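What you are looking at is a predicted structure, and each value in this text was computed from that prediction instead of being measured.
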Amino acid sequence: ALTQQMALSHLSIKPGDCIKVKGKIEPDAKSFALNLGRDGSDLILHFNARFESLGDVRTIVCNSKVKREWGSEVRESIFPFEQGEQTKLCVHFNAEEVTVKMDEGHEIKFPNRLGLETAEYFAVEGDISVRSVKFD
Ligand SMILES: C=CCO[C@@H]1O[C@H](CO)[C@@H](O[C@@H]2O[C@H](CO)[C@H](O)[C@H](OCc3cn(-c4n[nH]c(N)n4)nn3)[C@H]2O)[C@H](O)[C@H]1NC(C)=O
């Protein structure tokens, strides 16, 4: 399992809000993840950047979680992260999809399988040290 760096709950994140995370990826990072949803058991997005983990190399794996059960994974085609570097991610969602904007304009979209209209939970885990989290 990934070490939890930060978990915020009792939020009321609305469609259109942007969650901006700035952090530094560890020099020997294997994996880091962002989780957004109702709580740790019900996630509209688990965004897992794997440098080298679970058989994946430099691959973003996205998934959802419903009542603690993982959904079906999607492996993205971009991997705009480097070990030891600063990174900035902006997560926002609506009832249809979740969007993650990364550095240099890279962007991925993932279906909002739970159809959540608000999110109360946001967590960051793995080999990243979070410098700031902004909701605006
Ligand atoms: C090929 C073998 C079977 O498939 C593999 O099955 C693994 C286990 O489900 C998949 O890894 C999980 O993928 C999840 C997203 O779909 C998460 O990234 C999960 O790591 C986050 C995590 C671990 N844990 C955790 N570990 N131990 C406990 N108690 N909790 N909780 N959350 C990973 O452990 C992994 O991504 C998946 N790989 C493929 C290629 O499908």
Side-chain angles (χ1 to χ4, degrees):
L2 299 166
T3 322
Q4 194 157 73
Q5 300 302 343
M6 175 208 87
L8 302 169
S9 53
H10 302 90
L11 302 168
S12 57
I13 306 169
K14 297 275 179 289
D17 292 352
C18 172
I19 309 164
K20 279 195 188 96
V21 180
K22 286 184 184 169
K24 184 174 182 289
I25 301 168
E26 302 299 335
D28 56 352
K30 289 279 173 285
S31 172
F32 74 85
L34 309 180
N35 292 319
L36 177 69
R38 191 200 321 274
D39 52 34
S41 306
D42 291 286
L43 300 172
I44 49 174
L45 179 69
H46 167 72
F47 173 100
N48 184 197
R50 299 179 181 176
F51 290 85
E52 193 181 332
S53 167
L54 296 162
D56 286 291
V57 176
R58 292 184 68 81
T59 305
I60 294 172
V61 177
C62 288
N63 206 344
S64 54
K65 196 181 232 188
V66 177
K67 295 189 182 58
R68 312 170 88 78
E69 295 293 317
W70 291 116
S72 54
E73 296 183 342
V74 172
R75 278 170 170 69
E76 305 297 338
S77 55
I78 56 164
F79 191 82
F81 303 112
E82 292 302 335
Q83 291 167 315
E85 298 209 345
Q86 303 286 344
T87 192
K88 172 167 66 15
L89 299 121
C90 167
V91 184
H92 65 268
F93 73 99
N94 58 33
E96 286 72 41
E97 63 189 5
V98 192
T99 306
V100 181
K101 291 186 177 166
M102 294 157 271
D103 291 325
E104 283 109 42
H106 296 290
E107 183 178 296
I108 64 110
K109 287 182 180 296
F110 185 75
N112 181 343
R113 294 168 175 166
L114 290 67
L116 291 190
E117 304 260 343
T118 63
E120 291 75 25
Y121 175 82
F122 181 69
V124 179
E125 50 188 26
D127 309 324
I128 183 169
S129 51
V130 177
R131 199 173 76 235
S132 73
V133 179
K134 249 179 84 182
F135 300 92
D136 57 332

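- Taking all atoms of both residues into account, the shortest heavy-atom contact from His92 to Cys18 is CB-CA, 4.2 Å.
- Taken to the nearest 0.5 Å, the OG atom of Ser129 stands 6.5 Å off from the NZ atom of Lys24.
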Evaluate the criterion ring pair (Phe, Tyr, Trp, His ring centres under 6.0 Å) for residue pair Phe93 and Phe110; output intermediate values, then yes/no.
-> CA-CA 9 Å; Phe93 73 99; Phe110 185 75; over 10 Å; no

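- Taking CZ from Arg50 and OG1 from Thr59, the interatomic distance works out to 8.0 Å, rounded to the nearest 0.5 Å.
- Two residues are said to be in side-chain contact when any heavy atoms from C-beta on lie closer than 4.5 Å; Val91 and Val21 fail this criterion.
- Criterion: ILVMFWY side-chain heavy atoms under 4.5 Å apart, direct or through other members. Under it, Trp70 and Ile60 are not part of a common hydrophobic cluster.
- Between Phe51 and Phe32, the ring planes are tilted. Angles from 30° to 60° get that label.
- With hydrogens and angles disregarded, no donor-acceptor distance shorter than 3.5 Å links the side chain of Asn48 to the backbone of Ser31.
- Side-chain contact between Ile25 and Glu85: absent, with no pair of heavy atoms (C-beta onward) separated by less than 4.5 Å.
- Cluster membership for Leu2 and Leu8, using ILVMFWY side-chain heavy atoms within less than 4.5 angstrom, is not shared.
- For the residue pair Glu73 and Asn63, the shortest heavy atom distance occurs at CG-ND2, 3.4 Å.
- In this structure, the separation between CD1 on Ile108 and CD on Glu97 is 10.0 Å, given to the nearest 0.5 Å.
- In this structure, the separation between CG on Leu54 and NZ on Lys30 is 12.0 Å, given to the nearest 0.5 Å.
- Contact between Lys109 and Thr99 at its shortest, heavy atoms only, is NZ-OG1, 3.0 Å.
- One hydrophobic cluster, built from ILVMFWY side chains closer than 4.5 Å, cannot hold both Val133 and Tyr121; they sit in different ones.
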Tell me which donor-acceptor pairs under 3.5 Å the side chains of residues 36-47 have, and how far apart each pair is, sequence neighbours excluded?
{"unit_1": "Asp39", "atom_1": "OD1", "unit_2": "Ser41", "atom_2": "N", "d": "2.8"}
{"unit_1": "Asp39", "atom_1": "OD1", "unit_2": "Asp42", "atom_2": "N", "d": "2.9"}
{"unit_1": "Ser41", "atom_1": "OG", "unit_2": "Arg68", "atom_2": "NH1", "d": "3.1"}
{"unit_1": "Asp42", "atom_1": "OD1", "unit_2": "Lys67", "atom_2": "N", "d": "2.8"}
{"unit_1": "His46", "atom_1": "ND1", "unit_2": "Asn35", "atom_2": "OD1", "d": "2.6"}

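- Between Gln83 and Ala29, the shortest heavy-atom distance links the atoms NE2-O, 2.7 Å.
- Gln5 places a side-chain N or O within donor-acceptor distance of the main-chain N or O of Gly126, the cut-off being under 3.5 Å.
- Contact detail for Arg113 and Ser64: the closest heavy-atom pair is NH1-OG, 2.9 Å.
- Within 6.0 Å of the NZ atom in Lys101, the count of heavy atoms belonging to other residues, nucleotides or ligands does not exceed 12.
- Considering CE of Met102 and CD of Glu76, their distance stands at 7.5 Å, rounded to 0.5 Å.
- Legend: salt bridge (Lys or Arg N to Asp or Glu O under 4.0 Å) pairs involving residues 115-126, not counting sequence neighbours: none detected.
- Between Lys88 atom NZ and Asp103 atom CG the span is 5.0 Å, to the nearest 0.5 Å.
- Salt bridge status for Arg58 with Glu82: present, with a side-chain N to carboxylate O gap under 4.0 Å.
- Side-chain contact check for Asn112 versus Asn94: every heavy-atom pair is 4.5 Å or farther apart.
- Scanning both residues, Ser12 and Asp17, for their nearest heavy atoms gives O-OD2, 4.1 Å.
- Residues Phe79 and Leu34 are members of one and the same hydrophobic cluster, defined by side-chain heavy-atom contacts under 4.5 angstrom among Ile, Leu, Val, Met, Phe, Trp and Tyr.
- By the criterion of side-chain heavy atoms lying less than 4.5 angstrom apart, applied directly or through intervening Ile, Leu, Val, Met, Phe, Trp or Tyr residues, Ile128 is not grouped with Val61; the two fall into different hydrophobic clusters.
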